[in-house]
Amino acid sequence: QVQLVESGGGLVQAGGSLRLSCAASGRTFSSYAMGWFRQGPGKEREFVAAISRNHVYYSDSVKGRFTISRDNAKNTVYLQMNSLKPEDTAVYYCAAGLVLSRAPGYDYWGQGTQVTVSS
């Protein structure tokens, strides 16, 4: 069982930055692929970024602006978000699974953290 707790969301102006963190429980964190997804108002949950031991994926909408990273010693995955746009407004979810994927088929999910970007 893996428990995930996101933090770092908030309100920011367009063009600003935020860094989301996701702290995971468990002693096998390094073996999990970690993903970030988001769900905007009235929208379906969508893929943002994912990272495994050797690979990183980004959605086209965030490539070049967002950076995913992980610190296995701290059991934490991060999402650095720069040049934020109003359309980035969403609840951001952290996810963990055994397979790196852009699909939301991860095994464990956090509760989400709200990111609001004002224009």
Side-chain angles (χ1 to χ4, degrees):
Q1 190 78 3
V2 175
Q3 292 185 324
L4 304 173
V5 179
E6 302 100 332
S7 61
L11 174 64
V12 64
Q13 288 188 333
S17 298
L18 282 175
R19 188 176 81 156
L20 304 183
S21 300
C22 173
S25 65
R27 291 174 288 181
T28 58
F29 174 78
S30 62
S31 65
Y32 283 93
M34 302 297 297
W36 285 99
F37 291 77
R38 67 187 182 186
Q39 188 164 13
K43 298 181 180 180
E44 294 186 353
R45 190 168 299 190
E46 66 171 350
F47 170 75
V48 175
I51 186 169
S52 66
R53 191 169 297 179
N54 298 310
H55 295 91
V56 175
Y57 293 153
Y58 293 100
S59 71
D60 288 342
S61 62
V62 308
K63 196 175 296 182
R65 300 188 298 123
F66 292 11
T67 302
I68 189 171
S69 62
R70 65 191 298 163
D71 186 337
N72 290 333
K74 295 183 178 180
N75 280 13
T76 301
V77 62
Y78 304 98
L79 186 68
Q80 177 66 44
M81 305 186 295
N82 299 329
S83 302
L84 282 161
K85 304 175 181 180
E87 51 263 43
D88 294 318
T89 295
V91 177
Y92 283 70
Y93 297 91
C94 173
L98 295 178
V99 178
L100 183 67
S101 173
R102 294 179 174 90
Y106 287 72
D107 300 303
Y108 304 101
W109 292 83
Q111 81 289 348
T113 186
Q114 176 71 47
V115 171
T116 303
V117 184
S118 63
S119 57

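Worth saying up front: this structure is predicted, and the values here are computed from it rather than measured. Basis for what follows: all heavy atoms, side chains included, without hydrogens, waters or symmetry-related copies.
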Point to revise | Side-chain heavy atoms of Arg45 within contact of Val91, under 4.5 Å | key: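 They are not in contact (no side-chain heavy atoms under 4.5 Å apart), so the answer is no.
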Practice item. Determine whether Leu18 and Val115 make a side-chain contact, defined as any pair of heavy atoms from C-beta on separated by less than 4.5 Å. Key: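 A side-chain contact exists here, since the closest heavy-atom pair is under 4.5 Å.
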Identify, with sequence neighbours excluded, every residue that meets side-chain contact (heavy atoms from CB on, under 4.5 Å) alongside [X].
{"X": "Asn72", "value": "Phe29, Ser30, Arg70"}
{"X": "Gln80", "value": "Ser17, Arg19, Thr67, Asn82"}
{"X": "Ser118", "value": "Leu11, Gln13"}
{"X": "Gln111", "value": "Val5, Glu6"}

Point to revise | Counterpart residues, salt bridge (Lys or Arg N to Asp or Glu O under 4.0 Å), relative to Lys63 (two or more places apart) | key: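 Result, salt bridge (Lys or Arg N to Asp or Glu O under 4.0 Å) vs Lys63: Asp60.
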Point to revise | Step-by-step side-chain contact (heavy atoms from CB on, under 4.5 Å) determination, Val12 to Met81 | key: CA-CA 11 Å; Val12 64; Met81 305 186 295; over 6 Å; no
Check your understanding: Which pairs with one or both residues in residues 90-110 pass side chain to side chain donor-acceptor pair (under 3.5 Å), sequence neighbours excluded?
Key ->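 Those involving residues 90-110 are Arg38-Tyr92.
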Practice item. Check for a donor-acceptor pair, side chain of Ser52 on one end and backbone N or O of Ala33 on the other, with a separation under 3.5 Å. Key: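 No.
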Practice item. Keeping to residues at least two apart or across chains, list the ring-ring contact (aromatic ring centres under 6.0 Å, His included) pairs with something in residues 56-86. Key: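 As it turns out, there is no ring-ring contact (aromatic ring centres under 6.0 Å, His included) pair with a partner in residues 56-86 once direct neighbours are skipped.
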Check your understanding: Which residue pairs pass the disulfide (SG to SG under 2.5 Å) test with at least one member in residues 52-82, sequence neighbours excluded?
Key ->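 Every pair satisfying disulfide (SG to SG under 2.5 Å) with a residue in residues 52-82: there are none.
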Point to revise | Pairs satisfying disulfide (SG to SG under 2.5 Å), at least one member in residues 22-119, at least two apart | key: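 Every pair satisfying disulfide (SG to SG under 2.5 Å) with a residue in residues 22-119: Cys22-Cys94.
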Closest approach of [X] and [Y], non-hydrogen atoms and distance?
{"X": "Ala24", "Y": "Val2", "result": "CB-CG1, 4.3 Å"}
{"X": "Ala49", "Y": "Leu79", "result": "CB-CD1, 4.2 Å"}
{"X": "Ser21", "Y": "Trp36", "result": "O-CH2, 3.8 Å"}

Hey, any chance [X] and [Y] share a hydrophobic cluster, counting ILVMFWY side chains that come within less than 4.5 Å of each other, even indirectly?
{"X": "Phe47", "Y": "Leu84", "answer": "no"}
{"X": "Tyr32", "Y": "Leu100", "answer": "no"}
{"X": "Met34", "Y": "Phe37", "answer": "no"}

Point to revise | side chain to side chain donor-acceptor pair (under 3.5 Å) partners for Ser25, two or more places apart | key: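 If we apply the side chain to side chain donor-acceptor pair (under 3.5 Å) test to Ser25, skipping adjacent residues, there are no hits.
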**Study point:** Distance, nearest 0.5 Å, that separates OG1 of Thr76 from CG of Leu20
**Key:**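 Going from OG1 on Thr76 over to CG on Leu20, the span is 12.5 Å.
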Review point. Where do Thr116 and Gln114 land on the side-chain hydrogen bond (donor to acceptor under 3.5 Å, both in side chains) test, with the steps shown first?
Key: CA-CA 6 Å; Thr116 303; Gln114 176 71 47; 3.3 Å; yes
